[in-house]
S.K.: 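Here's a structure for you.
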Amino acid sequence: MRGSYFFNRWIEQRVRLLAISAVKSFKIKLLLFFCVGLTLIVFSTSASSFFLWNNQAPAPYYGPDFRKGYSIVMNTWKRYDLLKQSIKHYSSCPRLDSVHIVWSEPDPPSDSLLKYLYHVVKSVPKDGHQVKLKFDINKEDSLNNRFKEIKDLESDAVFSIDDDVIFPCSSVEFAFDVWLSAPDTMVGFVPRVHWVDYSKGGGSKFKYGGWWSVWWTGTYSMVLSKAAFFHKKYFILYTNQMPTSLKEYITKNRNCEDIAMSFLVANATGAPPIWVKGKIFEIGSTGISSLGGHSEKRSECVNRFASVFGRMPLVSTSVKAVDSRNIWFW
């Protein structure tokens, strides 16, 4: 009897241990399944937005200014394949009203290029209206041309963009909504920063910082006009009030027109720009930023502009606009 009692207790304990082990194993497997599922969801979401330039999900928010569109002013230079690619992409953006191509080449655009681009914009009708395409031909080759006053520019909002960068239409539309909330400032995707260089000039000299400086400090004071919204009135200010000496300096050095526009807007508003988070697809190979001594040349521009303006108008900030519909936690 006593042996049978201990044998039954042993059997009972073994069954209990096996049950506990089975439950633990089930919980671990359930947790692993959940983690794997979450990873796959995040990866599929990121992958779809990476491979689709024109990712339209979620749908852009059309607020009370839905009927108020924007114009793209695109700077280009002998990169016709990139120009075709960019125009084809941006023509599908919902609230785009017109495209102005800043042309500073010695020869006019070819008939074949004109035919292709006009066909592209005509093939994408939008709610009863069509995107207008215009070439702004300039006789002089100067980076200042991208900010010349455009007489027939109908929309107040201008999206200044280079021909070698692509943003999803959903990102452009979100940036436009951000600009509508602060139409006097610059709203863009490419932040840069300046800071006082105390090693030179007793605190009166400045240094220019690129993306890694923004990432490290968490602050910025400029958004580059290679991808930025601003009001069309700044074309008038740049054309008529930007000091001639600075425009000549920009033409000679083929650099820093974007910094000059940041100075102009900051000087007029006394406010910082707004950085919008967005994926950027660089479809070009190289640019002036890849050349040696780029940061030093940009620092020289910042100091020269501050000297001519008589002060440092750039305002630093750490604010970033993020579309919360595209993130998990906020």
Side-chain angles (χ1 to χ4, degrees), residues 73 75 102 138 140-150 156-158 160 179 182-188 190-211 213-214 216-275 288-289 293-319:
V73 175
N75 197 53
V102 180
N138 297 279
E140 179 189 15
D141 174 18
S142 172
L143 289 175
N144 295 300
N145 291 339
R146 70 181 308 165
F147 300 137
K148 274 188 175 181
E149 180 182 359
I150 301 176
D156 290 337
V158 172
S160 175
W179 179 85
D184 285 331
T185 193
M186 289 184 72
V187 174
V190 186
R192 294 294 184 262
V193 68
H194 81 286
W195 66 85
V196 178
D197 185 3
Y198 289 103
S199 65
K200 299 178 181 178
S204 61
K205 296 295 183 180
F206 305 93
K207 292 196 72 172
Y208 171 89
W211 161 245
S213 298
V214 174
W216 182 258
T217 63
T219 62
Y220 63 98
S221 55
M222 296 170 267
V223 290
L224 301 187
S225 56
K226 69 184 293 180
F229 277 96
F230 51 81
H231 198 284
K232 68 178 181 180
K233 65 185 177 183
Y234 292 118
F235 282 147
I236 301 174
L237 286 178
Y238 193 100
T239 301
N240 299 317
Q241 297 187 24
M242 179 64 72
T244 303
S245 61
L246 293 188
K247 288 195 283 189
E248 291 175 349
Y249 176 85
I250 289 166
T251 298
K252 179 181 178 181
N253 291 275
R254 297 193 62 81
N255 205 333
C256 299
E257 85 289 353
D258 47 0
I259 296 178
M261 178 56 83
S262 289
F263 266 72
L264 183 76
V265 177
N267 189 63
T269 63
I274 301 176
W275 170 24
I288 60 174
S289 60
H294 178 67
S295 293
E296 290 76 13
K297 292 177 181 176
R298 305 279 277 182
S299 293
E300 180 182 332
C301 290
V302 169
N303 284 290
R304 180 178 289 267
F305 294 172
S307 176
V308 174
F309 272 73
R311 66 188 189 96
M312 170 49 74
L314 299 177
V315 180
S316 297
T317 182
S318 57
V319 173

S.K.: Which residues pass the side chain to side chain donor-acceptor pair (under 3.5 Å) test with Asn75, not counting sequence neighbours?
M.R.: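 None.
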S.K.: Under the side chain to side chain contact (heavy atoms under 4.5 Å, CB included) criterion, do Phe235 and Val73 qualify, and how do the steps go?
M.R.: CA-CA 11 Å; Phe235 282 147; Val73 175; 4.1 Å; yes
S.K.: Give a yes or no on whether a salt bridge exists between Arg254 and Asp141, defined as a side-chain N under 4.0 angstrom from a carboxylate O.
M.R.: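 Asp141 and Arg254: salt-bridged.
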S.K.: About how many Å separate CG of Asn267 and CG of Leu314, when rounded to the nearest 0.5 Å?
M.R.: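 Rounded to the nearest 0.5 Å, the CG-CG separation comes to 9.5 Å.
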S.K.: With the side chain counted from C-beta on, respond yes when Thr269 and Met186 share a heavy-atom pair under 4.5 Å apart, and no when they do not.
M.R.: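 Not in contact.
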S.K.: So Trp179 and His231, would you call those rings parallel, tilted or perpendicular, with 30° and 60° as cut-offs?
M.R.: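 Tilted, since the angle between the ring planes falls between 30° and 60°.
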S.K.: Using the side-chain hydrogen bond (donor to acceptor under 3.5 Å, both in side chains) rule, collect all pairs that involve residues 234-245, keeping only residues at least two apart or in two chains.
M.R.: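 Non-adjacent pairs meeting side-chain hydrogen bond (donor to acceptor under 3.5 Å, both in side chains): Asn144-Tyr238.
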S.K.: For the CD atom of Glu257 and the CZ atom of Phe147, what is their distance to the nearest 0.5 Å?
M.R.: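 Going from CD on Glu257 over to CZ on Phe147, the span is 5.5 Å.
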S.K.: Would you mind reporting whether Ile250 and Phe305 have side-chain heavy atoms less than 4.5 Å apart?
M.R.: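 Answer yes - side chains close enough.
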S.K.: Does Tyr249 have any side chain to side chain donor-acceptor pair (under 3.5 Å) partners at least two apart in sequence or in another chain, and if so, which?
M.R.: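 Scan of Tyr249 (side chain to side chain donor-acceptor pair (under 3.5 Å), adjacent residues dropped) gives Glu300.
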S.K.: Check Ala306 against Phe206 and note the closest heavy-atom contact, atom names and distance.
M.R.: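 Looking at all heavy atoms of both residues, the shortest contact is CB-CE1, 4.1 Å.
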S.K.: Name the one of Thr185, Val223, Thr317 that satisfies side-chain contact (heavy atoms from CB on, under 4.5 Å) with Ile274?
M.R.: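 For Ile274, the side-chain contact (heavy atoms from CB on, under 4.5 Å) check succeeds only for Thr185.
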S.K.: If you round to the nearest 0.5 Å, how far is NZ of Lys205 from OG of Ser199?
M.R.: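 Nearest 0.5 Å value for the OG-NZ distance: 11.5 Å.
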S.K.: With a 4.5 Å limit on heavy-atom distance, are the side chains of Trp275 and Val319 in contact?
M.R.: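 No, too far: nothing below the 4.5 Å cut-off.
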S.K.: Any donor-acceptor pair under 3.5 Å linking the side-chain atoms of Ser142 with those of Thr251?
M.R.: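 Yes, Ser142 and Thr251 have a side-chain donor paired with an acceptor closer than 3.5 Å.
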S.K.: What distance do Phe263 atom CZ and Cys301 atom SG have between them, rounded to the nearest 0.5 Å?
M.R.: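 It is 9.5 Å, given to the nearest 0.5 Å.
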S.K.: On a heavy-atom basis, which atom in Ala266 and which in Pro313 lie closest, and how many Å separate them?
M.R.: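 Looking at all heavy atoms of both residues, the shortest contact is CB-O, 3.5 Å.
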S.K.: For the residue pair Leu264 and Met242, establish whether any side-chain heavy-atom pair is separated by less than 4.5 Å.
M.R.: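 Counting from C-beta outward, Leu264 and Met242 do come under 4.5 Å.
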S.K.: Among Val196, Asn303, Val302, find the residue that satisfies the side-chain contact (heavy atoms from CB on, under 4.5 Å) test when tested with Met312.
M.R.: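 Looking at Val196, Asn303, Val302, the match for Met312 under the side-chain contact (heavy atoms from CB on, under 4.5 Å) is Val302.
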S.K.: With distance as the sole test, does Ser160 use its side chain to make a donor-acceptor pair with the main-chain N or O of Ser225 at under 3.5 Å?
M.R.: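 Between the backbone of Ser225 and the side chain of Ser160 there is a qualifying donor-acceptor contact (under 3.5 Å).
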S.K.: So, do Trp211 and Pro191 sit near enough that their side-chain heavy atoms are less than 4.5 Å apart?
M.R.: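 In short, these two side chains touch, coming nearer than 4.5 Å.
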S.K.: Assess the residue pair His194 and Ser299 against the criterion (side chain to side chain contact (heavy atoms under 4.5 Å, CB included)); give the C-alpha distance rounded to whole Å, side-chain angles, the decisive distance to 0.1 Å, and a yes or no.
M.R.: CA-CA 8 Å; His194 81 286; Ser299 293; over 6 Å; no
S.K.: Tell me, please, which residues at least two apart from Asn138 pass side chain to side chain donor-acceptor pair (under 3.5 Å).
M.R.: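 Lys148.
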S.K.: How close do Ser318 and Gly218 get, heavy atom to heavy atom, and via which atoms?
M.R.: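 Result for this residue pair: CB-O, 3.3 Å.
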S.K.: I'd like to check the salt bridge (charged side-chain N to carboxylate O under 4.0 Å, His left out) partners of Glu149; sequence neighbours left out, ordered by chain and number.
M.R.: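 For Glu149, the residues satisfying salt bridge (charged side-chain N to carboxylate O under 4.0 Å, His left out) (neighbours in sequence not counted) are Lys151.
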S.K.: Going by side chain to side chain donor-acceptor pair (under 3.5 Å), name the residues that satisfy it together with Tyr208, two or more places apart in sequence or in a different chain.
M.R.: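 Applying side chain to side chain donor-acceptor pair (under 3.5 Å) to Tyr208 gives Arg192, Arg298.
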S.K.: State, yes or no, whether a side-chain contact exists between Asp258 and Lys226 at a heavy-atom distance under 4.5 Å.
M.R.: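 SC-SC contact between Asp258 and Lys226 ruled out.
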S.K.: Take Leu246 and Arg304 through the test side chain to side chain contact (heavy atoms under 4.5 Å, CB included) and record every step on the way to the result.
M.R.: CA-CA 8 Å; Leu246 293 188; Arg304 180 178 289 267; 4.1 Å; yes
S.K.: Can you check whether Trp195 reaches Thr219 side chain to side chain, under 4.5 Å on heavy atoms?
M.R.: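 No, their side chains stay 4.5 Å or more apart.
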S.K.: Looking only at heavy atoms, what is the nearest atom pair of Asn145 and Glu140, with distance?
M.R.: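 Here Asn145 and Glu140 meet closest at ND2-O, 2.6 Å.
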S.K.: Answer yes or no: is there a side-chain heavy-atom contact under 4.5 Å between Pro273 and Val265?
M.R.: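 Not touching, per the 4.5 Å side-chain cut-off.
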